[in-house]
Colleague: 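My questions will all concern the structure given below.
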Amino acid sequence: MKRFTHCLTAFACLVMAMVAVSCDKESDTPPGLSIESGAIASFPGESVVVKATVSDEVGIQSIHLTCPEMGVDKLYDLSSQKPVVFNVSYQFVIPLDTDTDIPANFRIEVLGTSGKTTVKPIQVTYLPDTTDPVITTFGDEIGVDFDDDNSIAEPTLVFSFTDDRGLASARLQIADISFDETLPLSGRSDNATFYPVFDASGLYDATLTVTDDAGNTTAKQIVFGVIGEEPENPISDYTHMWIVNTEEDPADYMLGYYQYMARTDAYIYSVLFYAPKADTKIAFVPIQDIDGADYFGRSPYASTKILNNKGYVLPITIPAVGYYNVSINIQTHALTITPHTPAAVNPFAGQVRGYSYVNGGSTNSQFATSPVNGNPMRLASNFDIVDPAGSWPNVVFITSDWSKSWNPVYDSTWTYIIRWEYNAAFVSSYAYFESVAAGIHPAVFDMEAMWVTMKKPQP
């Protein structure tokens, strides 16, 4: 019996020794660490994502990301789970006050449950700032009202700027009145307000310069038209306004020529507008009648001064194709036009269809839309409407499976459309109108501005 016991003991020791040898063999292998990109090329203020895959056959104890120069100290404590594989995706923003002259020591350290470690560095390169700042204020002719009774003009001039990293200063120079002032700016978007004084009417050349933190500059030549009171017809605090493309004929449209401008405050109206071509010309009217008595355009002497005087004012010119936030204050004669960046991708491009029916429920037409001039947010097609006598066609935009729709929103009296809106559940309303003729109607549905235009049948 003793002999048998001794044999069992010896066998157990042998097994334990083999296990120990096996464990020692596994613990000799350090954790695996695969970094998606072994380098960071960025700059202060920018967001960075570090991705890596960590593996260890006996389990991962912790993963530690550090970079003292950028304030990074991220510890993944995995001691309770001890996974054999773990994916790291760590996002952080490089602090704006990072000293780019000091080399950054970014590293990832992995500790396995065996006690073995793996450490890998990530090379950091700070990209130089070579991009010029942008002056976003619209227009290079600015109107200033001159007080003839007191022989003085004291305007408040506000200019807007942006930069991809950081703004430093804005400088306005008006040589004829010895005005030269520099104001500090900060952040990636900021305004500067200047208060020059003019003691005589006339045209004044000026230079506006913006500088970013890296010393890049952008300069713009401006002309201040300092003139006495210009002729203007009486105005009202209208419930809304309409923006129009003056190069188009409203008689060619069945839908959407007059685009609604919401009243955001007393005498102030705004809209997101798309300029379909370079040098698009626009104006503003309080009713859907471009030939009406009230017609707002720019002063002949200043591109950003709005007046109500048909026959005296000129259309406002938008120089480049694109979306713009347009705002007017008809009481202070102020016009603001700033570029708008649309969504990068239209998730419904190629899916949206126009759908119409006539009273009685018979279906007229469906069509798949396509991007206009490469803009995925603007979808267009020819809409074939058959209009039986005495019926009113109705139009709505839907996905082909009817799961999503874009419906017109009317004013409280159901007289005119003020916008189109997304409705994921059902078709809640249609654009309805009495067609002047059946035929092919060119239509454009803008999913950024949420506006629809439809022309009458073309010859």
Side-chain angles (χ1 to χ4, degrees), residues 138-139 141-143 145 229-276 279-318 323-338 340 408-421 429 431-434 444 446 449-456:
F138 174 78
E141 298 173 348
I142 298 177
D145 291 330
E229 184 177 358
E230 293 183 81
E232 184 176 30
N233 297 327
I235 64 171
S236 298
D237 188 10
Y238 310 106
T239 57
H240 59 269
M241 294 280 284
W242 304 93
I243 186 172
V244 298
N245 183 337
T246 62
E247 296 175 299
E248 296 278 354
D249 186 350
D252 292 337
Y253 282 78
M254 292 179 61
L255 189 68
Y257 172 79
Y258 296 93
Q259 185 173 345
Y260 182 85
M261 297 184 72
R263 179 182 179 275
T264 57
D265 206 339
Y267 299 96
I268 300 176
Y269 309 87
S270 63
V271 67
L272 176 59
F273 178 78
Y274 182 77
D279 297 328
T280 295
K281 300 187 184 305
I282 60 173
F284 313 96
V285 290
I287 62 174
Q288 290 191 11
D289 185 1
I290 199 172
D291 296 319
D294 292 324
Y295 180 97
F296 293 78
R298 54 155 288 191
S299 161
Y301 305 99
S303 58
T304 58
K305 183 178 181 180
I306 297 296
L307 295 168
N308 178 24
N309 192 337
K310 187 175 181 65
Y312 174 79
V313 298
L314 304 174
I316 297 95
T317 300
I318 300 178
Y323 290 98
Y324 294 87
N325 291 304
V326 181
S327 177
I328 58 174
N329 186 327
I330 62 175
Q331 188 175 50
T332 63
H333 305 128
L335 166 68
T336 303
I337 300 179
T338 56
H340 169 84
V409 177
Y410 286 84
D411 72 307
S412 59
T413 65
W414 283 79
T415 304
Y416 47 78
I417 297 172
I418 61 176
R419 68 180 183 277
W420 291 69
E421 69 179 17
S429 64
Y432 54 90
F433 47 87
E434 186 174 1
V444 174
D446 194 316
M450 294 307 286
W451 195 249
V452 174
T453 59
M454 184 179 295
K455 288 190 173 183
K456 295 176 182 177

Colleague: Side chains of residues 305-314: which donor-acceptor pairs under 3.5 Å do they make with residues two or more places apart or in other chains?
Modeller:
from	atom 1	to	atom 2	distance (Å)
Lys305	NZ	Asp145	OD1	2.6
Lys305	NZ	Glu230	OE2	2.9
Asn308	OD1	Tyr295	N	2.9
Asn308	ND2	Pro234	O	3.1
Asn308	ND2	Asp294	OD1	3.0
Asn309	ND2	Pro231	O	3.0
Lys310	NZ	Ile290	O	3.2
Tyr312	OH	Glu230	OE1	2.5

Colleague: Does Ala449 offer a backbone N or O that forms a donor-acceptor pair with the side chain of Asp446 under 3.5 Å?
Modeller: yes
Colleague: Measuring only between side-chain heavy atoms, which start at C-beta, is Tyr416 closer than 4.5 Å to Tyr258?
Modeller: no
Colleague: Under a 3.5 Å distance rule, please check whether Ser327 uses its side chain to pair with a backbone N or O of Ser270 as donor and acceptor.
Modeller: no
Colleague: Tell me the closest heavy-atom pair linking Ala275 and Ile318, and the distance in Å.
Modeller: CB-CG2, 4.0 Å
Colleague: Identify the two heavy atoms, one from Phe273 and one from Thr280, that lie closest to each other, and give their separation to 0.1 Å.
Modeller: CE2-CG2, 4.3 Å
Colleague: Among residues at least two apart in sequence or on other chains, which ones pass salt bridge (charged side-chain N to carboxylate O under 4.0 Å, His left out) with Glu248?
Modeller: Lys455
Colleague: Which atom names give the shortest non-hydrogen contact between Thr246 and Ala283, and what distance separates them?
Modeller: CG2-CB, 3.6 Å
Colleague: Please name the pair of heavy atoms, one in Ala302 and one in Ile142, separated by the smallest distance, quoted to 0.1 Å.
Modeller: CB-C, 3.6 Å
Colleague: Pair Trp242, Tyr260 - check ring-ring contact (aromatic ring centres under 6.0 Å, His included), show working.
Modeller: CA-CA 5 Å; Trp242 304 93; Tyr260 182 85; 5.5 Å; yes
Colleague: Closest approach of Glu232 and Ile235, non-hydrogen atoms and distance?
Modeller: OE2-CG2, 3.9 Å
Colleague: Tell me the closest heavy-atom pair linking Pro286 and Phe296, and the distance in Å.
Modeller: CD-CE1, 4.3 Å
Colleague: Can you say whether the rings of Tyr269 and Tyr238 are parallel (under 30°), tilted (30 to 60°) or perpendicular (over 60°)?
Modeller: tilted
Colleague: Quick check: are there more than 12 heavy atoms from other residues, nucleotides or ligands sitting under 6.0 Å from OH of Tyr301?
Modeller: no
Colleague: Should Tyr267 and Thr332 be marked as a side-chain contact (heavy atoms from CB on, under 4.5 Å) after you check the CA-CA gap, both sets of side-chain angles, and the distance that decides it?
Modeller: CA-CA 9 Å; Tyr267 299 96; Thr332 63; over 6 Å; no
Colleague: Donor-acceptor pair, distance only, cut-off 3.5 Å: does the side chain of Gln259 make one with the backbone of Thr453?
Modeller: no
Colleague: Treating Tyr257 as the side-chain partner and Asn245 as the backbone partner, does any N or O pair qualify as donor plus acceptor under 3.5 Å?
Modeller: yes
Colleague: Are the side chains of Ile243 and Ile328 in touch, meaning some heavy atoms are under 4.5 Å apart?
Modeller: no
